[in-house]
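One is the number of the first residue; the rest follow in order along the sequence.
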Amino acid sequence: MERNDCLHSINACVIIPTYNNAKTLRKLIDGVLVYTPRIIIVNDGSTDETPAIIQQYPNLCIENHSVNQGKGKAIRTGFAKALEKGFDYALTIDSDGQHYPDDIPHFVKEIEENGEALIIGSRNMTQEGIPKGSSFGNKFSNFWFRVETGIDLTDTQSGFRLYPIKKLQNIRFFTTKYEFEIEIIVRAAWRGIPVKNIPIKVLYDKTERVSHFRPYKDFARITVVNTILVTIAFLYIKPRDYFRKYKKKGFKRFFLEDFLHSDDSPSKKSFSVALGVFIGLSPFWGFQTALAIFLAIFFKLNKLISFAFSNVSLPPLIPFIVYGGCKTGNFLIGKGDLNLQWDDFESYKDMAGQNIKEYILGSFTLAFIGSLLAGIISYLFLNVRKNKVSSF
């Protein structure tokens, strides 16, 4: 082991993706070498003096892109090389001079003390010299990361990070530029990998720092990626997580812990029940779970209760719900008998399609009545139980 190799204990290396940062690259490499010789430099098609500089470090691992392919692609190339060399972790550090290599030991210490995680260095974005655009962009990114994962971070855009690359190698990524740093932390969180911040120092030297971030084009790309990730989060990830949580607990444990013994008030619980039943009986097939969770978040209700009761439309009950919606809608419109066959459940989709106006009107009516009754009953039940418990 090298005397100055502080990354040896966690089997990590440092990846330096670089593109036309010749002014600050040599200083950064020398600074990192104080802490470890395990360095992978990815030259992403630089056209300045970068190739000449990295040739002065023949003992380091050098990967070259013939043309510029984007920061995300450079990091992914570094990951592939690090995995090939058998590393468990890869620490990325930007080559524009804003990061201090003497913060490297803090990442190692965090892993040693608290276990495996994806760690992002958190910059003090309020200090003097931080561009206003960077501060706004970071707040924007933090907000969407919280929406997508439920995790609250102070800095999601810092490029000074420690990745558990062996845990990430089977995840499929679609981005190759700056937005990759958003995609990877969101997908890591979805896989259950802890994502956290630790404080780091930051330097913004306008005389030397060269940023290749294009405010309009790259911000637009990041916005598109966040839109896609939010859609995936609400249509698949959040319903999946709530289903796993509900399934793991089982109905009895859910009823005791989340419905009876949670700290939420009876009114909040009953509104959560009503919301779940309303969405479950409404004609939002395929989107009911996502809608229940989204609206529970929006109205600050109990998400697990709303999710659980949205499953009132279980597959065996769907024909009955569709039949009831069509019959109710037909009655409200005042048409003659639709001659629907109660026992012909195989054609319930055709039943709804051929009587779409009646079905939509009737299902919303049943959803309103059902949610109102469910909310009132659960509120009365919870209040009676609360009074009995408090009387002891």
Residue pair Ile16, Ile40: steps toward the side chain to side chain contact (heavy atoms under 4.5 Å, CB included) verdict: CA-CA 6 Å; Ile16 303 176; Ile40 299 172; over 6 Å; no
Side chain to side chain contact (heavy atoms under 4.5 Å, CB included) between Trp190 and Leu229, worked out: CA-CA 11 Å; Trp190 288 349; Leu229 292 174; 3.8 Å; yes
Verdict with reasoning, His65 to Val42, per side chain to side chain contact (heavy atoms under 4.5 Å, CB included): CA-CA 8 Å; His65 291 169; Val42 183; 4.1 Å; yes
Arg221/Lys177 under side chain to side chain contact (heavy atoms under 4.5 Å, CB included): CA gap, chis, key distance, verdict: CA-CA 9 Å; Arg221 294 175 69 96; Lys177 300 187 184 300; 3.6 Å; yes
Chi angles and distances behind the ring-ring contact (aromatic ring centres under 6.0 Å, His included) call for Tyr89, Tyr163: CA-CA 5 Å; Tyr89 289 89; Tyr163 293 96; over 10 Å; no
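Under the 4.5 Å side-chain contact rule for hydrophobic residues, Phe87 and Leu83 share a cluster. There is no path of hydrophobic side-chain contacts, each under 4.5 Å, that joins Ile151 to Ile119. Ile184 and Phe174 end up in different hydrophobic clusters when Ile, Leu, Val, Met, Phe, Trp and Tyr side chains are linked at under 4.5 Å. In this structure, Ile75 is a member of the same hydrophobic cluster as Phe145, with clusters built from ILVMFWY side-chain heavy atoms closer than 4.5 Å. Under a hydrophobic clustering in which Ile, Leu, Val, Met, Phe, Trp and Tyr are joined whenever their side-chain heavy atoms come within less than 4.5 Å, directly or via other members, Val225 and Leu168 fall into the same cluster.
Heavy-atom minimum distance, Leu281 versus Leu366: CD1-O, 3.8 Å. Summarising the geometry of Lys201 relative to Asp103, their closest heavy-atom pair is N-OD2, 3.0 Å, with the distance given to 0.1 Å. When all heavy atoms of Cys61 and Lys85 are compared, the pair lying nearest together is SG-CE, 3.7 Å. The shortest heavy-atom contact between Arg191 and Asn170 is NH2-O, 3.7 Å. Considering every non-hydrogen atom in both Ser306 and Ser272, the closest pair reads OG-O, 3.1 Å. Shown here for Leu28 and Pro101, the closest heavy-atom pair between the two residues is CD1-CG, 4.0 Å.
For Asn142 (side chain) and Asn138 (main-chain N/O), a donor-acceptor pair under 3.5 Å exists by modelled atom type. Counting only distance, with no hydrogens or angles, the side chain of Thr36 and the backbone of Cys6 share no donor-acceptor pair below 3.5 Å. Between the side chain of His99 and the backbone N or O of Asp94 there is at least one donor-acceptor pair closer than 3.5 Å. For the pair Gln55 (side chain) and Ala52 (backbone), a donor-acceptor distance under 3.5 Å is absent. No donor-acceptor pair closer than 3.5 Å links the side chain of Trp144 to the backbone N or O of Val230.
Interatomic distance, CD1 of Ile120 versus OG of Ser158, reported as 7.5 Å (0.5 Å rounding). Here the CG-CD distance, from Asp155 to Gln157, works out to 7.5 Å after rounding to the nearest 0.5 Å. To the nearest 0.5 angstrom, Ser95 atom OG is 13.0 Å from Ile15 atom CD1. Annotation: the span from Ser310 atom OG to Leu291 atom CG amounts to 9.5 Å, rounded to 0.5 Å. Note that the OG1 atom of Thr77 and the CZ atom of Phe79 stand 10.5 Å from one another [nearest 0.5 Å]. Between Ser282 atom OG and Phe368 atom CZ the span is 11.5 Å, to the nearest 0.5 Å.
No side-chain donor from either of Thr50 and Asn43 sits under 3.5 Å from a side-chain acceptor of the other. Checking Thr175 against Glu183 by side-chain atom types alone, a donor-acceptor pair falls below 3.5 Å. With hydrogens and angles left out, the side-chain atoms of Ser122 and Thr154 include a donor and acceptor closer than 3.5 Å. Side-chain atoms of Tyr57 and Asp30 form a donor-acceptor pair, as typed in the model, at a separation below 3.5 Å. Thr24 and Asp96 share no donor-acceptor pair across their side chains, judged by distance under 3.5 Å alone. Side-chain atoms of Ser270 and Ser378 include no donor-acceptor pair closer than 3.5 Å. With hydrogens and angles left out, the side-chain atoms of Gln69 and Thr176 include no donor and acceptor closer than 3.5 Å.
Residues Ile104 and Leu91 form a side-chain contact, since some pair of their non-hydrogen atoms from C-beta on lies under 4.5 Å apart. You'll find the side chain of Phe107 stays beyond 4.5 Å of the side chain of Leu7, heavy atoms only. Contact of the Ile185 side chain with the Thr156 side chain is registered, since non-hydrogen atoms from C-beta on lie closer than 4.5 Å. The closest side-chain heavy-atom distance from Leu275 to Ile305 is not below 4.5 Å. Contact annotation: the side chain of Gln56 approaches that of Arg26 to within less than 4.5 Å [non-hydrogen atoms, C-beta and beyond]. Contact annotation: the side chain of Arg38 approaches that of Asp5 to within less than 4.5 Å [non-hydrogen atoms, C-beta and beyond]. For the pair Ser9 and Val108, the minimum side-chain heavy-atom distance is below 4.5 Å. Side-chain contact between Val32 and Ile29: absent, with no pair of heavy atoms (C-beta onward) separated by less than 4.5 Å.
Ion pair Glu110/Lys196 flagged as a salt bridge, since at least one NZ, NE, NH1 or NH2 atom sits closer than 4.0 Å to an Asp/Glu carboxylate oxygen. No salt bridge links Lys23 with Asp48; every basic N to acidic carboxylate O contact stays at or beyond 4.0 Å. Using a cut-off of 4.0 Å between Lys/Arg side-chain N and Asp/Glu carboxylate O, Lys269 and Asp264 are scored as not salt-bridged. The pair Asp44-Lys71 fails the salt-bridge criterion, with no side-chain N (NZ, NE, NH1 or NH2) lying under 4.0 Å from an Asp/Glu carboxylate O.
With sequence neighbours left out, the side-chain hydrogen bond (donor to acceptor under 3.5 Å, both in side chains) criterion links Glu84 to Lys81. The side-chain hydrogen bond (donor to acceptor under 3.5 Å, both in side chains) search around Ser265 returns Ser267, not counting sequence neighbours.
For CZ of Phe294, the number of neighbouring non-hydrogen atoms (other residues, nucleotides, ligands) closer than 6.0 Å is 12 at most. More than 12 heavy atoms of other residues, nucleotides or ligands shown are found within 6.0 angstrom of NZ on Lys268. Phe287 CZ: 12 or fewer foreign heavy atoms inside a 6.0 Å radius.
In summary, the aromatic rings of Phe180 and Phe173 are positioned with their centroids under 6.0 Å apart. Aromatic pair Phe299/Phe271: ring centres not closer than 6.0 Å.
When each of Ile198, Val202, Ile93 is checked for a side chain to side chain contact (heavy atoms under 4.5 Å, CB included) with Phe160, only Ile93 meets the rule.
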